[in-house]
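Chain letters run A, B, ... following the sequence lines, proteins first, then strands; residues in each count from 1.
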Number of protein chains: 2
Amino acid sequence: MDISEVSKRSGLPASTLRFYEEKGLIRSVGRQGLRRVFSGNVLERLALIALGRAVDFSLDEIVQMLGSEGTPSIDRELLLDKADELDRRIQKFTAMRDGLRHAAVCDAPSHMECPKFRRLLGLAASGALSSDDRMKATQKRRSKKAAPLSP
Amino acid sequence: MDISEVSKRSGLPASTLRFYEEKGLIRSVGRQGLRRVFSGNVLERLALIALGRAVDFSLDEIVQMLGSEGTPSIDRELLLDKADELDRRIQKFTAMRDGLRHAAVCDAPSHMECPKFRRLLGLAASGALSSDDRMKATQKRRSKKAAPLSP
DNA sequence: GTACAACTTCAAGTTAACTTGAGGTCAAGG
DNA sequence: CCTTGACCTCAAGTTAACTTGAAGTTGTAC
């Protein structure tokens, strides 16, 4: 497959595919003249990348999870970490959704006078919802097995 | 209150507060010499901003929702839109979480051989989870009331 | 009354994930 | 043979949301 074929099948622009290759996310199997040639399994790889992006992994995180190997063999612990992270996000989002929905129908003269809305505000302000706890649990869980590369 | 007081109470660095002021998100009530003076309700305002950020609004969106007025009076329809959006995100995230969790315990030799994981991959690849539908429903619902500013 | 920590402005830097553009190469059709 | 269009590289631009730095000012404690 040439790059436009991959582009068509994956829905990603060629520029993104080149960018991904440069980042080490995908690899072309060779060249025909100047042109990259991709094997079919790049599509599976791109699907994995899309999966990662869908759960808000950075490209760098994805590079790490997907080794350079064909078969990724993703760390199962990492998967659980990410599932936990998603759980926390789901909880926040659920709280937010309920709060927003209530605020929308609340008959308080202004949102500011609605106690539920104010409670939500308090939550947001306290950072409980700020979604900046991206990798805290990951770090925590990860640190239990300690540094595998140092003495 | 001076800026460091607001900073302490809000948890935001002074640079961010200045940045927010420049963006029109908050306002200082005046100056003492060079220094900004903020009124107490800037904290409420910052809480609203945090709330918005917590549900992934951009600062520009937030500026629009919070008029320049003291009492925001947020568009209730907009709140419902955002609640809907959150619903969709929650569904995606739930699907992802379940998928990840299964993949973590799945006894298939490689994730690639696990049908559930592959199904998840399909979902991600098809863009069903790609979270790029940020404002589609908003646009849709919004377009029902049509352009209020054009003839 | 002077030192200095804390404020100020304004410009420029940062990060992620791409996109765009300029300038060049090459295979295939006419 | 020659044109054309799809590909190539590499550098630079883009956006969001801030942060950092340089250079200047000032309220306050001694």
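- Distances shown here put every side-chain N or O of A/R53 at or beyond 4.0 Å from the OP1 or OP2 atom of C/dA16.
- Taking side-chain N and O atoms only, A/R31 has no distance below 4.0 Å to OP1 or OP2 of C/dA27.
- For A/D60, taking side-chain heavy atoms from C-beta onward, the closest of the listed nucleotides C/dA16, C/dT9, D/dA17 is C/dA16.
- Take the nearest nucleotide of DNA chain C for B/V37 and for A/P13: the residue whose nucleotide is more 5' is B/V37.
- The CD atom of B/Q32 sits 15 Å away from the C1' atom of D/dT25 (whole-angstrom rounding).
- A close approach under 4.0 Å does not occur between any side-chain nitrogen or oxygen of B/R18 and OP1 or OP2 of D/dA17.
- Between the A/R76 side chain and the B/C106 main chain, a donor and an acceptor come within less than 3.5 Å of each other.
- In the set C/dA17, C/dG24, C/dA6, C/dA6 carries the atom at the smallest distance from any side-chain atom of B/R35.
- A/T16 has no side-chain polar atom (N or O) that falls below the 4.0 Å cut-off from OP1 or OP2 of C/dA17.
- In this structure, CZ of A/F38 is placed 11 Å from C1' of D/dC7, rounded to the nearest angstrom.
- Neither OP1 nor OP2 of D/dT20 sits under 4.0 Å from any side-chain N or O of B/S15.
- Comparing C/dT8, D/dA17, C/dA17 by their nearest atom to the side chain of B/L34 picks out C/dT8.
- The side chain of B/D2 lies closest to C/dC7 when the candidates are C/dC7, C/dC18, D/dC8.
- Between the side chain of B/N41 and the backbone N or O of B/E44, no donor-acceptor pair lies under 3.5 Å.
- Taking atom CD1 on A/I3 and atom P on C/dT19, their separation rounds to 12 Å, with Å as the unit.
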Under the criterion side chain to side chain contact (heavy atoms under 4.5 Å, CB included), I'd like the reasoning laid out for A/V55 against B/F93: C-alpha separation, chi angles, the key distance, then a yes or no. CA-CA 7 Å; A/V55 289; B/F93 279 28; over 6 Å; no
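- Residue B/Y20 has no polar side-chain atom (N or O) positioned under 4.0 Å from OP1 or OP2 of D/dA17.
- With contacts defined as side-chain heavy-atom distances shorter than 4.5 Å, the pair A/Q91/A/M96 does not qualify.
- Each of A/S58 and A/G33 lies near DNA chain C, and the nucleotide nearest A/S58 is the one positioned closer to the 5' end.
- Side-chain proximity of B/F19 to C/dT8, D/dC8, D/dC18: nearest is D/dC18.
- For the atom pair CG of A/D2 and CZ of A/R35, the computed distance is 8.0 Å after rounding to the nearest 0.5 Å.
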